[in-house]
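Beneath this line is the structure, given in structure tokens, with notes to follow.
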Amino acid sequence: IFGKMFGKKDNGDSNEAPSGGTYVVEDTFRLNASADLVVVGKINGTVMTGDKVCIEGADENDLITIKELNIFRTKVKSATDTNVALCLEDGTNYKITKGTVLQIKA
């Protein structure tokens with residue numbers, strides 16, 4: 001209730017909103033000895049751990065699984081309309097760079 005009163009962003013610990021929206025990549029980081037890729041950016045909509053994303057304009061059957069979400073280095077289950085880091089399973093196999101737009105698929 002205090003979050004609503006003081007305008008705090010949802011940190012994703014509730015399951016109120018369904019997944020979906022767009023995510024604009026602001027930066028990328030490759031994890032050592034892994035094909036996973038961490039992307040940093042802003043979600044417009046809601047994203048949850050386990051959701052899948054596709055690169056806007058690419059084949060929509062080419063889905064990438066979100067392994068983990070972090071807001072300010074805190075692991076969360078979901079995030080809505082906020083800056084969030086996504087860990088994408090085998091994300092280095094795709095051409096994801098700054099400015100890439102990802103579509104969230106529940």
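In terms of hydrophobic clustering, with Ile, Leu, Val, Met, Phe, Trp and Tyr side chains grouped at heavy-atom distances under 4.5 Å, I43 and I55 are assigned to a common cluster. Under the 4.5 Å side-chain heavy-atom criterion for grouping Ile, Leu, Val, Met, Phe, Trp and Tyr, V38 is not connected to V24 through any hydrophobic cluster. Cluster annotation: L31 is not connected to L37 through the hydrophobic network of ILVMFWY side chains, with a link wherever side-chain heavy atoms come within less than 4.5 Å.
Put simply, OG on S19 and CD1 on I66 are 8.0 Å apart, with the number rounded to the nearest 0.5 Å. Remark: I64 CD1 to C87 SG distance equals 11.5 Å, nearest 0.5 Å. From S34, atom OG reaches atom CG of D90 across 7.5 Å, with rounding to the nearest 0.5 Å. Rounding to the nearest 0.5 Å gives a distance of 7.0 Å between NZ of K42 and OG1 of T82. In this structure, CG in N70 is found 4.5 Å from CD in E68, a value given to the nearest 0.5 Å.
Annotation: side chain of K67 is in contact with side chain of D36 (closest heavy-atom distance under 4.5 Å). Between N83 and E26 the shortest side-chain heavy-atom distance falls below 4.5 Å.
Residues G91 and I96 come closest through the heavy atom pair O-CD1, 4.3 Å. Closest approach of Y94 and L63 over heavy atoms only: OH-O, 4.0 Å. Summarising the geometry of K95 relative to T100, their closest heavy-atom pair is O-OG1, 4.1 Å, with the distance given to 0.1 Å. V40 approaches Y23 most closely through the heavy-atom pair C-OH, 3.1 Å. Contact record, D81 with G45: OD1-N, 2.7 Å, taken as the closest heavy-atom pair.
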Is there a side-chain hydrogen bond (donor to acceptor under 3.5 Å, both in side chains) between T65 and K52? Walk through the geometry before answering.
CA-CA 4 Å; T65 302; K52 299 192 183 300; 2.8 Å; yes
Quick one, L69 with L86, criterion side chain to side chain contact (heavy atoms under 4.5 Å, CB included). Give me CA distance, side-chain angles, the key distance, then yes/no.
CA-CA 5 Å; L69 305 174; L86 311 178; 3.0 Å; yes
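In terms of modelled atom types and a separation under 3.5 Å, the side chain of T92 and the main chain of A35 share a donor-acceptor contact.
Environment of NZ in K98: sparse, with no more than 12 heavy atoms of neighbouring residues, nucleotides or ligands closer than 6.0 Å.
Remark: of the listed residues T28, L102, N93, L102 is the sole one forming a side-chain contact (heavy atoms from CB on, under 4.5 Å) with L88.
Salt-bridge formation is not detected for the pair K105/D51: no Lys NZ or Arg NE/NH1/NH2 atom is positioned less than 4.0 Å from an Asp or Glu carboxylate oxygen.
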